[in-house]
**Q** 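Structure provided below as structure tokens; questions to follow.
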Amino acid sequence: MPRIDRYILGQLLTLFGFFALVLVSVYWINRAVSLFDDLLNDGQTALVVLEFTALTLPLVISVVLPVAAFAATAYGTNRLAGESELVAMQSAGLGPWRLARPVLIFGVFVGVMVAVLVHGLVPMARARLADRSAEIAENVTAQFLRPGSFQYPARGVTLFIRDVAGDGRLLDLFIEDSRDPADQVTYTAQEALVVRNDTGPVLILLDGMAQNLRPGPDGPVLSVTRFDEFSYDVGAMFAGGGSRGRDLRDFGTLALLQADPAVLEATGATAADAQREAHERLAQPLLSPIAAMLGFATLLIGGFSRFGVWRQVGWATLSLIAVQFLTNAAANQVGRDAALWPLLYLPAVLGAALCLAFLWLAARPRGPREVAR
């Protein structure tokens with residue numbers, strides 16, 4: 001690699017590291033605060049909070065890296081122009097197309113980083129987060145299954161267990177569920193068992209009774225139902241302890257492209273939905289080179305100005321916002337109709353065309369008045 005390319009690339013990588021660190025920190029802290037409150041309210045330790053926030057980090061990084069690449073190229077190009085280094089390079093015969101080569105290499109490097117994240121680390125982190133969330137939900141459930149005292153796991157819910165047998169059976173259980181004022185239910189059972197399935201913990205009430213109190217035209221109406229066996233969703237009873245099904249984003253891209261039957265069964269999604277998620281991941285890294293080139297090519301338009309290139313910075317920012325808007329619009333459209341997945345690649349194509357147009361404008365000959373302005 002020529003020395004000039006190494007110099008520009010080194011400048012961009014240094015700035016990229018700084019902007020990525022700042023943006024990831026701000027974005028991650030913003031996400032971690034709400035997660036911190038939820039976990040501490042569930043009585044979790046600081047280690048669990050740290051683990052959960054660390055598992056959200058790959059997703060945060062994958063979102064922030066293209067923005068950091070844009071900021072690095074825009075700021076780096078502005079600094080090169082402000083210190084007259086860009087003018088010296090152009091005077092030495094290096095045109096916009098030649099100067100764009102190290103920027104493109106930098107953008108491809110960032111795109112590879114995003115690809116590693118979205119195809120590998122993010123699905124792994126999300127799958128681990130789903131497993132740990134299920135474990136936490138079960139721990140929160142067990143926390144309230146304590147004998148000899150009334151528990152209030154959620155607003156409008158009262159739970160009492162007389163004792164717990166040595167084999168794990170819950171003896172003389174009482175549940176009052178008044179979350180719905182129009183249908184208050186009281187469950188009593190001589191025994192109950194905690195059963196764990198794919199959707200979370202479930203209470204199996206044995207030899208019991210359900211009393212429903214509903215408003216009627218002449219006053220409250222009480223109906224009594226006796227049962228030998230009845231299942232009660234514990235996850236729905238506890239705040240923050242609801243079940244969490246598997247999501248397409250928890251699985252690898254190859255399994256989604258092949259529409260693995262096991263993945264479809266676990267998520268309840270269709271093959272078209274799986275392929276839509278896979279193509280969305282494939283299109284996401286393409287935006288990193290586009291963002292980097294927009295931050296560079298736009299700042300080359302207009303030539304030298306003693307007032308700086310802040311007008312070009314504004315146009316570069318608007319261009320990036322437009323590309324991101326098209327990305328969101330395409331994702332929403334494909335979300336309504338998965339067969340339209342080729343639209344996911346349209347923002348990258350339009351962004352590349354925009355970069356080429358800006359480089360062409362920067363490379364065209366300028367008149368004397370335009371250069372001297």
Side-chain angles (χ1 to χ4, degrees), residues 34-35 37-45 48 52 129-247 250 262 264-269:
S34 59
L35 185 62
D37 291 337
D38 293 340
L39 292 174
L40 287 187
N41 290 335
D42 288 339
Q44 303 303 318
T45 63
V48 174
F52 270 63
L129 189 61
D131 295 337
R132 290 292 289 135
S133 297
E135 295 175 7
I136 293 299
E138 294 181 2
N139 292 339
V140 172
T141 301
Q143 169 184 336
F144 287 99
L145 298 181
R146 294 182 297 195
S149 62
F150 285 93
Q151 304 291 324
Y152 307 94
R155 183 182 297 274
V157 177
T158 303
L159 171 67
F160 179 83
I161 301 169
R162 182 181 63 82
D163 198 4
V164 179
D167 56 1
R169 291 179 295 117
L170 309 179
L171 305 179
D172 295 334
L173 181 137
F174 168 86
I175 301 175
E176 183 184 54
D177 190 345
S178 58
R179 289 174 293 181
D180 184 2
D183 186 13
Q184 303 181 34
V185 187
T186 300
Y187 300 94
T188 56
Q190 294 186 5
E191 296 181 358
L193 302 174
V194 179
V195 178
R196 293 175 174 83
N197 57 17
D198 294 338
T199 60
V202 175
L203 274 178
I204 305 299
L205 309 182
L206 305 175
D207 192 11
M209 177 176 60
Q211 304 177 62
N212 294 73
L213 183 64
R214 301 185 180 92
D218 300 326
V221 178
L222 177 66
S223 60
V224 179
T225 304
R226 298 185 181 274
F227 55 82
D228 294 329
E229 181 177 314
F230 180 80
S231 63
Y232 188 86
D233 185 5
V234 184
M237 181 175 63
F238 295 101
S243 60
R244 180 189 186 278
R246 299 309 297 265
D247 192 274
D250 300 345
L264 301 181
E265 182 180 358
T267 59

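For this chain, numbers begin at 1 and follow the sequence in order. Here the structure is a predicted model, which means the values were calculated and not measured.
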**Q** Determine yes or no for a side-chain-to-main-chain donor-acceptor pair under 3.5 angstrom, with Asp172 supplying the side chain and Phe174 the backbone.
**A** no
**Q** Only one of Leu213, Asp177, Asn212 passes side-chain contact (heavy atoms from CB on, under 4.5 Å) with Asp183; say which it is.
**A** Asn212
**Q** Do you know which two heavy atoms are closest between Leu206 and Ala189, and how far apart they sit?
**A** O-CB, 3.6 Å
**Q** Taking atom OG1 of Thr188 and atom CG of Leu205, what is their separation to the nearest 0.5 Å?
**A** 9.0 Å
**Q** Just jot down the side chain to side chain contact (heavy atoms under 4.5 Å, CB included) partners of Asp228, sequence neighbours excluded, or say none.
**A** none
**Q** Suppose we screen for side chain to side chain donor-acceptor pair (under 3.5 Å). Which residues come up paired with Glu191, at least two apart in sequence or across chains?
**A** Arg169
**Q** Out of curiosity, Tyr232 OH to Leu203 CG, how far, rounded to the nearest 0.5 Å?
**A** 8.5 Å
**Q** Please enumerate all residues that pass salt bridge (charged side-chain N to carboxylate O under 4.0 Å, His left out) together with Asp207, with sequence neighbours excluded.
**A** none
**Q** Go through the structure and list residues passing side chain to side chain contact (heavy atoms under 4.5 Å, CB included) with Ser149, not counting sequence neighbours.
**A** Gln151
**Q** Of all residues at least two apart in sequence or in a different chain, which pass the side chain to side chain contact (heavy atoms under 4.5 Å, CB included) check with Ser178?
**A** Gln184
**Q** Apply ring-ring contact (aromatic ring centres under 6.0 Å, His included) to Phe160 and list each qualifying residue two or more places apart in sequence or on a separate chain.
**A** Phe150
**Q** Quick check for you: to the nearest 0.5 Å, what is the distance between Gln211 atom CD and Thr225 atom OG1?
**A** 9.5 Å
**Q** Please report the interatomic distance CD1(Ile175) to CD1(Ile161), rounded to the nearest 0.5 Å.
**A** 8.0 Å
**Q** Kindly compute the distance separating OG1 (Thr267) from CG (Asp250), expressed to the nearest 0.5 Å.
**A** 9.0 Å
**Q** Locate the shortest heavy-atom distance separating Pro215 from Ala182; write the atom from each residue and the value.
**A** CD-O, 3.3 Å
**Q** Please step through side chain to side chain contact (heavy atoms under 4.5 Å, CB included) for the pair Leu173 and Leu159, ending with a clear verdict.
**A** CA-CA 8 Å; Leu173 181 137; Leu159 171 67; 4.3 Å; yes
